[in-house]
Amino acid sequence: MPELPEVEVVRRGLAQWVSGRTVDHVDIAHPRAVRRHIAGPADFAARLAGRRLGPAQRRGKYLWLTLVDDGDPRPGDEALLAHLGMSGQLLVQPPQLPAEVHLRVTLTFTDGGRQLRFVDQRTFGGLAVEPLTLDLVPAALAHIARDPLDALFDDEAFAAALRRRRTGLKRALLDQTLISGVGNIYADETLWRARQHYARATSTVTAPSCAALLSHVRAVMTEALAQGGTSFDSLYVNVNGESGYFERSLDAYGQEGRPCPRCGTPIRREPFMNRSSFLCPRCQPRPRAAHW
DNA sequence: CAATTGACCTGTGTGC
DNA sequence: TGCACACAGGTCAATT
């Protein structure tokens with residue numbers, strides 16, 4: 001599942017293989033893939049044709065390529081925005097390669113080289129063309145918080161916002177308006193490292209505890225990035241179609257029944273928000289009061 | 001306004 | 001064999 005480290009791997013691939021090239025034309029095989037482009041598929045294609053793709057950028061799980069003729073991105077410039085959702089892939093493929101089963105959108109370039117293909121089995125992801133706002137992020141990202149690897153992420157403001165919440169710790173970690181880029185896998189890994197239960201009331205998280213939490217989320221994401229990201233079912237791959245191998249390093253997520261690497265207690269899977277939470281019942285005891 | 005829930009989507013695996 | 005169903009889960013609209 002693409003979370004921040006996986007999306008960052010893709011961003012680096014786009015920077016290497018796609019940035020600086022000019023779009024010739026766009027083919028949309030599945031309109032749902034551009035449903036967030038309000039003006040429709042034809043407008044989406046028209047806004048990209050003939051445009052040069054600039055630097056690849058990312059916030060949380062979103063990434064975008066600004067459409068620039070020269071110089072640095074400016075407010076008002078348009079950008080090609082992508083979200084991979086559950087199963088989205090951005091692949092850089094030779095034009096002669098047959099279409100993938102779940103190929104949704106193809107960008108063909110004027111240089112005749114490799115195409116950029118958006119492939120998405122479950123179609124939760126999508127592409128759009130959006131103008132950049134004053135802080136140089138696409139308009140649709142106005143409500144998305146900075147991610148923990150962003151140099152401008154404000155640790156103290158996050159701690160304060162966390163304490164104002166009346167919810168559980170994992171729900172807060174997954175709330176992209178508080179902190180972006182964290183999904184189910186890295187939330188569970190972070191909580192395991194921090195020895196925190198997912199239902200810990202956010203209002204009780206002290207400043208040092210919050211600092212530790214941020215330290216763990218940064219560490220686990222940085223380590224995952226160094227290994228090319230996490231993949232379970234090959235649905236997440238880099239632009240060359242290769243899977244990362246961080247799954248070998250997971251301590252809690254997906255480890256139901258296996259011994260906790262710290263204390264040996266079997267890792268437990270519990271239903272949570274219509275999905276699963278993996279935790280060590282001994283290292284991460286359930287708090288007395290909270291029931292989130 | 002904040003928190004919560006359901007809908008969206010399809011391939012895979014399991015049980016009957 | 002075939003069918004029903006649970007599951008994977010990020011985001012957003014609707015509801016409380």
Side-chain angles (χ1 to χ4, degrees), chain A residues 1-8 10 29-38 58-64 81-90 100-105 118-128 130 137-145 147-148 158 160-191 198-203 217 221 229-237 243 247 250 252-257 268-279 289-292:
Chain A
M1 272 51 76
E3 301 180 30
L4 188 153
E6 292 74 37
V7 177
E8 174 61 16
V10 173
H30 197 312
R32 184 174 158 79
V34 295
R35 67 192 180 285
R36 292 201 176 90
H37 187 89
I38 305 303
R58 181 189 57 74
R59 171 174 287 188
K61 303 169 196 173
Y62 290 85
L63 53 84
W64 66 93
L81 176 65
H83 194 286
L84 303 179
M86 294 281 302
S87 53
Q89 305 172 5
L90 284 167
E100 291 78 2
V101 174
H102 301 294
L103 178 62
R104 308 305 189 194
V105 180
F118 181 67
V119 177
D120 191 6
Q121 173 196 112
R122 276 167 265 188
T123 66
F124 278 21
L127 307 178
E130 296 246 336
V137 302
L141 274 62
H143 66 292
I144 302 293
D147 62 65
F158 173 72
L162 197 62
R163 267 199 303 282
R164 280 195 299 270
R165 288 297 178 98
R166 292 294 176 267
T167 188
L169 196 45
K170 183 169 173 178
R171 283 179 187 272
L173 285 176
L174 295 176
D175 184 343
Q176 306 296 302
T177 68
L178 272 181
I179 181 172
S180 69
V182 183
N184 206 35
I185 296 172
Y186 293 103
D188 280 3
E189 291 301 298
T190 298
L191 292 169
Y198 58 79
R200 167 83 181 271
T202 54
S203 56
V217 74
M221 284 182 166
T230 303
S231 179
F232 279 94
D233 50 12
S234 304
L235 280 181
Y236 161 71
V237 289
S243 294
E247 67 185 277
L250 293 173
Y253 185 88
Q255 309 300 306
E256 183 181 18
R268 211 162 59 202
R269 179 169 74 92
E270 297 185 4
F272 176 82
M273 290 173 77
N274 289 324
R275 54 208 59 176
S276 294
S277 273
F278 296 88
L279 76 165
H291 293 289
W292 299 283

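Order of the sequence lines fixes the chain letters, A, B, ..., with proteins taken first and strands second; residue numbering starts at 1 for each chain. Keep in mind that this is a model prediction, so the values were computed, not measured. Excluded from the calculations below are hydrogen atoms, water molecules and symmetry mates; all remaining heavy atoms, backbone and side chain alike, are included.
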Trainee: Find every protein N or O atom lying less than 3.5 Å from an N or O atom of nucleotides 11-15 of chain B, and list the pairs.
Mentor:
unit_1: dG11(B); atom_1: O4'; unit_2: Gln121(A); atom_2: OE1; d: 3.2

Trainee: How would you list, by chain and number, every residue that makes a side chain to side chain contact (heavy atoms under 4.5 Å, CB included) with Arg35(A), sequence neighbours excluded?
Mentor: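 Testing Arg35(A) for side chain to side chain contact (heavy atoms under 4.5 Å, CB included), a comparison that skips the adjacent residues, returns Arg32(A).
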
Trainee: Look at Arg166(A) and dT4(B) and indicate whether a side-chain polar atom (N or O) is within less than 4.0 Å of OP1 or OP2.
Mentor: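 The answer is no; no side-chain N or O of Arg166(A) sits under 4.0 Å from OP1 or OP2.
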
Trainee: Please name all residues satisfying side chain to side chain contact (heavy atoms under 4.5 Å, CB included) with Ala145(A), sequence neighbours left out, ordered by chain then number.
Mentor: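 None.
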
Trainee: State which residues pass salt bridge (Lys or Arg N to Asp or Glu O under 4.0 Å) with Arg269(A); sequence neighbours excluded, sorted by chain then number.
Mentor: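 Partners of Arg269(A) under the salt bridge (Lys or Arg N to Asp or Glu O under 4.0 Å) test: Glu256(A).
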
Trainee: Under the salt bridge (Lys or Arg N to Asp or Glu O under 4.0 Å) test, which residues partner Asp147(A), sequence neighbours left out?
Mentor: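 Partners of Asp147(A) under the salt bridge (Lys or Arg N to Asp or Glu O under 4.0 Å) test: Arg58(A).
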
Trainee: Using the side chain to side chain donor-acceptor pair (under 3.5 Å) criterion, which residues pair with Glu100(A)? Sequence neighbours excluded.
Mentor: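 Side chain to side chain donor-acceptor pair (under 3.5 Å) check on Glu100(A) returns Gln93(A), Arg117(A).
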
Trainee: Counting C-beta onward and ignoring hydrogens, is there a side-chain heavy-atom pair between Glu270(A) and Tyr198(A) closer than 4.5 Å?
Mentor: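 Glu270(A) reaches Tyr198(A) side chain to side chain.
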
Trainee: Which letter, B, S or -, goes with each nucleotide of nucleotides 10-15 of chain C from 5' to 3', with contact meaning a protein heavy atom under 4.0 Å?
Mentor: BSS---

Trainee: Just to verify, what does Arg59(A) make a salt bridge (Lys or Arg N to Asp or Glu O under 4.0 Å) with, not counting sequence neighbours?
Mentor: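 Scan of Arg59(A) (salt bridge (Lys or Arg N to Asp or Glu O under 4.0 Å), adjacent residues dropped) gives none.
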
Trainee: My understanding is that only residues two or more places apart in sequence, or in another chain, count here; which of them pass side chain to side chain donor-acceptor pair (under 3.5 Å) with His83(A)?
Mentor: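 Side chain to side chain donor-acceptor pair (under 3.5 Å) list for His83(A), sorted by chain: empty.
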
Trainee: Please round to the nearest 0.5 Å and tell me the distance separating atom CG of Leu173(A) and atom CZ of Arg171(A).
Mentor: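 Those atoms lie 12.5 Å apart.
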
Trainee: Whole angstrom is fine here: how far is it from CE in Met273(A) over to P in dA7(B)?
Mentor: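 Taking atom P of dA7(B) as the reference, CE of Met273(A) is at 16 Å.
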
Trainee: Could I get the full list of salt bridge (Lys or Arg N to Asp or Glu O under 4.0 Å) partners for Lys61(A), not counting sequence neighbours?
Mentor: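 Listed in chain order: nothing, the list is empty.
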
Trainee: Nearest-nucleotide wise, let me know which of Asp175(A) and Asn274(A) is further upstream toward the 5' end of DNA chain B.
Mentor: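 Taking each residue's closest nucleotide, the earlier one in sequence belongs to Asp175(A).
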
Trainee: What pairs with Phe118(A) under ring pair (Phe, Tyr, Trp, His ring centres under 6.0 Å), at least two apart in sequence or on another chain?
Mentor: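 Listed in chain order: nothing, the list is empty.
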
Trainee: Whole angstroms only, please: what is the CZ-P distance between Arg32(A) and dT10(B)?
Mentor: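 Atom-to-atom, Arg32(A) to dT10(B), this comes out as 8 Å.
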
Trainee: Within this structure, what is the CG-to-P distance between Leu162(A) and dA3(B), rounded to whole angstrom?
Mentor: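 These atoms are roughly 11 Å apart.
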
Trainee: How far does the helix from dA2(B)-dT16(C) to dC16(B)-dG2(C) bend, going by the axes of its first and last five pairs, to the nearest 10°?
Mentor: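 Nearest ten degrees gives 50° for this helix.
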
